[in-house]
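Working notes, beginning with the structure itself.
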Amino acid sequence: MKLFLIILDLDDALKLFDEMTQRQPLPSVVQFNQLLQAVTKMKHYSCSIDLFKQMNVLRVPVDVYTVNIVIKCCCQMHHTNEGFAVLSYGFKRAVFPDVYTFSTLLNGLILEDRFLIAERLFKKLIKEELCEPNAIMYSTMIKGLCKFGNNDTAISLLKLMDEKGCKPNVVTYSTIIDSLCKEKMVDDALKLFKEMVFHKGILPNVVTYTSLIHGLCNLCRWDEVDKILKEMEEQRISPNVHTFSILVGSLCKEGKVKDAKGVFNLMIQKGNVPNVVIYNSLIDGYCLRGEMSIYFMKLKIEEAMHLFHEITKKGMKPDVITYSIMIQGLFRVGRCKVAEELFYEMRAHSLNPDEITYGIVLEGLCNNNQVEKALSLFYLMGDNKLNSNIIVYNILIDGASKNGKFDIVRNLFNELTVKGLPPDVWTYNTMISGFFREGVMGEAKELFFEMEKRGCSPNDVTYRVLLQGFLKNQQHDMVEMLLLEMKGRGFSVDATTVSMLLDHIKARSLDASLLKLIGKLVPKEGVDAHCFTV
DNA sequence: ATAGGGTTAG
């Protein structure tokens with residue numbers, strides 16, 4: 001009997017477990033493993049661990065499969081140390097780990113960002129010949145290297161495993177290809193893709209193609225996206241909901257919501273079942289403010305709302321992200337009441353808002369002249385996690401500043417020191433622009449000199465804020481110094497600031513000799529600056 | 001062991 005055929009939900013599994021434990025004699029370990037596997041597949045990790053504990057009480061024998069499943073559950077819950085405890089429990093009962101056990105543990109360490117420990121374990125396994133690494137283990141280590149930005153080493157390890165006679169497979173390659181795409185190194189990814197296909201004869205799958213499509217979409221290389229989609233068709237590899245949701249998301253970011261909806265419909269027409277993720281992408285598209293009037297924004301919010309309700313109608317549940325997107329959209333068109341209602345509704349459905357949701361709500365309130373409400377929400381509802389998030393602080397500081405509550409701005413900024421939460425470049429920029437708004441240029445200048453000392457380098461926005469602030473306040477003595485610093489740091493100056501500078505030169509409040517320097521800071525026309533920032 | 005969604009400044 002195949003257990004997974006009769007277990008439909010957690011309830012079934014638990015009932016079956018009870019029934020199994022009462023049988024005389026007890027069912028075999030294989031059947032218990034199947035049950036644990038089923039519970040784990042449903043992502044009820046802590047439940048699997050509980051069942052495992054009960055098995056021990058009942059003296060159901062366990063084998064390496066049992067141990068592997070339970071270790072996996074520990075790791076998925078980010079409790080890898082408990083996974084190691086299960087490993088030593090196994091040793092005590094003469095259940096010895098295999099390559100799968102160690103791969104799972106390595107994966108858990110990487111999941112918890114403990115790559116150095118993973119690396120040490122991996123080397124130890126090889127050196128002491130505790131197990132022969134297979135493609136899964138190598139791929140796991142390669143994933144870790146990629147995760148910590150070490151694509152080059154990942155590629156070296158790929159070569160090394162091949163030399164050692166362990167053949168990389170489509171997963172190994174896809175891992176690196178995806179990582180390269182995420183770092184915008186799509187050409188390197190395409191090179192590796194060709195190596196995989198033409199030199200190693202490994203066939204790409206939908207995951208490989210989806211990663212490439214993602215990378216190309218991010219760089220707006222649409223022709224090549226088309227080419228990949230055609231190639232997939234030739235290879236008879238159908239795009240799935242993942243692939244489509246990347247296409248939908250990218251079209252939305254381009255402001256082409258109608259096209260995105262078209263792709264969404266096409267996907268359904270092709271027999272794919274939409275999930276919450278792709279709904280969220282599309283709803284976000286309808287909520288984004290493009291270059292349109294508030295009238296059209298309100299119309300689009302209606303469509304977003306319609307899609308939002310469609311999720312429930314189709315038997316799915318909106319998640320924290322769905323609610324966050326909807327709330328943000330509603331605040332943007334000034335429908336605060338409905339936004340707040342949704343904020344309460346999500347909690348009524350036991351969806352816990354995270355720091356991003358809070359940030360959205362706080363920003364929405366601030367932008368709609370409700371700073372006090374935002375602050376009381378922040379102090380009354382915010383837990384440790386929310387109130388230790390620098391972005392949330394930045395939002396509040398900016399909101400208070402724009403609403404003329406500068407005493408609150410100072411309070412919030414000082415609170416960061418008390419909490420030991422380091423301000424980031426956004427915080428400094430927000431504060432500096434707040435000082436200008438308040439007309440206290442001395443403090444703006446002071447904070448600018450201070451930020452570098454406190455380990456936060458200014459960025460191009462900092463210089464923009466400073467230049468525009470000084471120009472508006474007829475303070476010209478800092479301008480040349482700022483422009484020179486920008487040149488030194490390789491920043492360019494934006495159109496608005498340039499035109500302000502030129503106005504001041506025309507009015508002779510700035511010396512014309514600055515023109516040469518300004519000319520060097522203007523990005524060359526027709527060249528996409530993004531090509532160079534990668 | 002590999003792929004998808006939501007936050008801030010000008």
Side-chain angles (χ1 to χ4, degrees), chain A residues 99-100 103-104 106-107 110 133-144 146 168-179 181-182 204-215 217 239-250 252-253 275-285 287-288 318-329 353-364 366-367 389-399 401-402 424-434 436 459-469 494-497:
Chain A
V99 60
Y100 186 85
S103 294
T104 307
L106 288 171
N107 192 41
I110 291 164
N134 61 8
I136 294 180
M137 187 173 271
Y138 277 112
S139 300
T140 303
M141 290 309 293
I142 283 173
K143 178 177 81 174
C146 290
N169 57 28
V170 64
V171 175
T172 327
Y173 272 98
S174 299
T175 303
I176 306 178
I177 288 171
D178 184 62
S179 176
C181 285
K182 289 215 168 87
N205 60 19
V206 64
V207 177
T208 329
Y209 280 121
T210 301
S211 291
L212 287 173
I213 289 174
H214 198 185
C217 281
N240 59 19
V241 184
H242 271 261
T243 326
F244 280 112
S245 86
I246 283 161
L247 294 169
V248 165
S250 302
C252 287
K253 280 186 197 101
N275 58 16
V276 176
V277 174
I278 193 160
Y279 264 105
N280 288 348
S281 295
L282 194 55
I283 292 175
D284 195 33
C287 287
L288 280 180
D319 63 13
V320 175
I321 297 182
T322 326
Y323 275 102
S324 304
I325 294 167
M326 272 317 306
I327 291 170
Q328 184 176 46
D354 58 17
E355 60 267 42
I356 299 182
T357 324
Y358 274 113
I360 287 168
V361 172
L362 296 175
E363 193 205 5
C366 288
N367 286 342
N389 183 295
I390 190 64
I391 299 182
V392 168
Y393 266 98
N394 294 344
I395 289 169
L396 272 181
I397 290 173
D398 193 47
S401 172
K402 281 180 176 150
D424 64 7
V425 64
W426 292 66
T427 325
Y428 284 112
N429 294 348
T430 309
M431 286 304 293
I432 291 171
S433 86
F436 279 117
N459 62 10
D460 52 340
V461 177
T462 321
Y463 286 99
R464 250 174 262 178
V465 171
L466 285 162
L467 281 171
Q468 295 190 14
D494 66 303
T496 314
T497 314

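Chain naming here is simple, since letters A, B, ... match the order of the sequence lines and numbering starts at 1 in each. Just so it is clear, the structure is predicted and the values come from calculations on it, not from any experiment.
- Contact annotation: side chain of N205(A) to base of dA3(B), donor-acceptor pair absent below 3.5 Å.
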(request) For side-chain hydrogen bond (donor to acceptor under 3.5 Å, both in side chains), just list the numbers for S401(A) and D398(A), CA-CA rounded to whole Å, side-chain angles, deciding distance to a tenth of an Å, and then say yes or no. (result) CA-CA 5 Å; S401(A) 172; D398(A) 193 47; 5.2 Å; no
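- As judged by a 4.0 angstrom heavy-atom cut-off over every strand, Y463(A) is placed among residues making no nucleic acid contact.
- Heavy atoms of D178(A) sit under 4.0 angstrom from primed sugar atoms or phosphate atoms, though from no base atom.
- Proximity note for I356(A) (side chain, C-beta onward) versus dG6(B), dA3(B), dA9(B): the nearest is dG6(B).
- The nearest whole Å value for the distance from the CD atom in E355(A) to the P atom in dT7(B) is 13 Å.
- For the pair I395(A) CD1 and dA9(B) P, the interatomic distance rounds to 8 Å; values are reported in whole Å.
- Closest to the side chain of Y100(A), from the set dG6(B), dA1(B), dT7(B), is dA1(B).
- Each of dA3(B), dG4(B), dT7(B) was ranked by its minimum atom distance to the side chain of S211(A); first place goes to dA3(B).
- Atoms CG (N394(A)) and P (dT8(B)) sit 11 Å apart, rounded to a whole Å.
- Out of dA9(B), dG6(B), dA1(B), the shortest distance to the side chain of N459(A) is found at dA9(B).
- Test C146(A), S174(A), S211(A) against S179(A) for side-chain contact (heavy atoms from CB on, under 4.5 Å) and you get one pass: C146(A).
- Between K182(A) and the phosphate of dG4(B), there is a side-chain N or O to OP1/OP2 separation shorter than 4.0 Å.
- When heavy atoms are screened at a 4.0 angstrom cut-off, T357(A) is found touching base atoms of the nucleic acid.
- Using a 4.0 Å heavy-atom cutoff across all strands shown, D319(A) reaches at least one base atom of the nucleic acid.
- When the nucleotides dA9(B), dG4(B), dG6(B) are ranked by their closest atom to the side chain of V241(A), dG4(B) comes out on top.
- Computed from coordinates, the Q328(A) CD to dT8(B) C1' distance equals 10 Å when rounded to whole Å.
- The base of dA1(B) sits with one of its N or O atoms less than 3.5 Å from a complementary donor or acceptor on the side chain of N169(A).
- In this structure, V248(A) reaches neither bases nor backbone, as no heavy-atom distance under 4.0 Å exists between it and the strands shown.
- In this structure the side chain of P353(A) never reaches within 4.5 angstrom of the side chain of V320(A), judged on heavy atoms.
- A close approach under 4.0 Å does not occur between any side-chain nitrogen or oxygen of Y209(A) and OP1 or OP2 of dT2(B).
- Rounded to whole Å, atom P of dG4(B) lies 13 Å from atom CG of L212(A).
- Nucleic acid contact for D424(A): none, since no nucleic acid atom lies under 4.0 Å from a heavy atom of the residue.
- In this structure, of dA1(B), dG4(B), dA9(B), it is dA1(B) that holds the atom nearest to the side chain of N107(A).
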(message) Pair N107(A), K143(A) - check side-chain hydrogen bond (donor to acceptor under 3.5 Å, both in side chains), show working.
(response) CA-CA 9 Å; N107(A) 192 41; K143(A) 178 177 81 174; 2.6 Å; yes
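- Look at CG on D494(A): it is 13 Å from C1' on dA9(B), rounded to the nearest Å.
- Phosphate contact (OP1/OP2 of dT2(B), side-chain N/O of K143(A), threshold under 4.0 Å): present.
- No hydrogens or angles were tested; on distance alone, nothing pairs the side chain of D460(A) with the base of dA9(B) as donor and acceptor under 3.5 Å.
- Under the stacking definition used here (centres under 5.5 Å, planes under 30°), the residue Y173(A) fails to qualify as stacked on the base of dT2(B).
- One atom, CD1 of I176(A), and another, P of dA3(B), lie 13 Å apart when rounded to the nearest Å.
- Checked against salt bridge (charged side-chain N to carboxylate O under 4.0 Å, His left out), D178(A) has the following partners two or more places apart in sequence or in another chain: K182(A).
- Interatomic distance, I327(A) CD1 to C287(A) SG, rounded to the nearest 0.5 Å: 10.5 Å.
- Tested against N394(A), the residues T430(A), N429(A), D424(A), N389(A) include a single side chain to side chain donor-acceptor pair (under 3.5 Å) partner, D424(A).
- Among the nucleotides dT8(B), dA1(B), dT2(B), the one closest to the side chain of E363(A) is dT8(B).
- Contact annotation: side chain of D354(A) to base of dG6(B), donor-acceptor pair present below 3.5 Å.
- No donor-acceptor contact under 3.5 Å links the side chain of T175(A) to the base of dT2(B).
- In terms of polar N and O atoms assigned as donor or acceptor, the side chain of S281(A) never comes within less than 3.5 Å of the base of dG6(B) in a complementary pairing.
- By the ring pair (Phe, Tyr, Trp, His ring centres under 6.0 Å) test, Y393(A) pairs with F378(A), sequence neighbours left out.
- Rounded to a whole Å, the CG atom of D284(A) is 16 Å from the P atom of dG4(B).
- When heavy atoms are screened at a 4.0 angstrom cut-off, I325(A) is found touching the sugar-phosphate backbone but no base atom.
- Among the protein residues, S103(A) comes within range of no part of the nucleic acid, since none of its heavy atoms lies under 4.0 Å from any strand.
- The residue V392(A) sits apart from the nucleic acid: no heavy atom pair falls under 4.0 Å.
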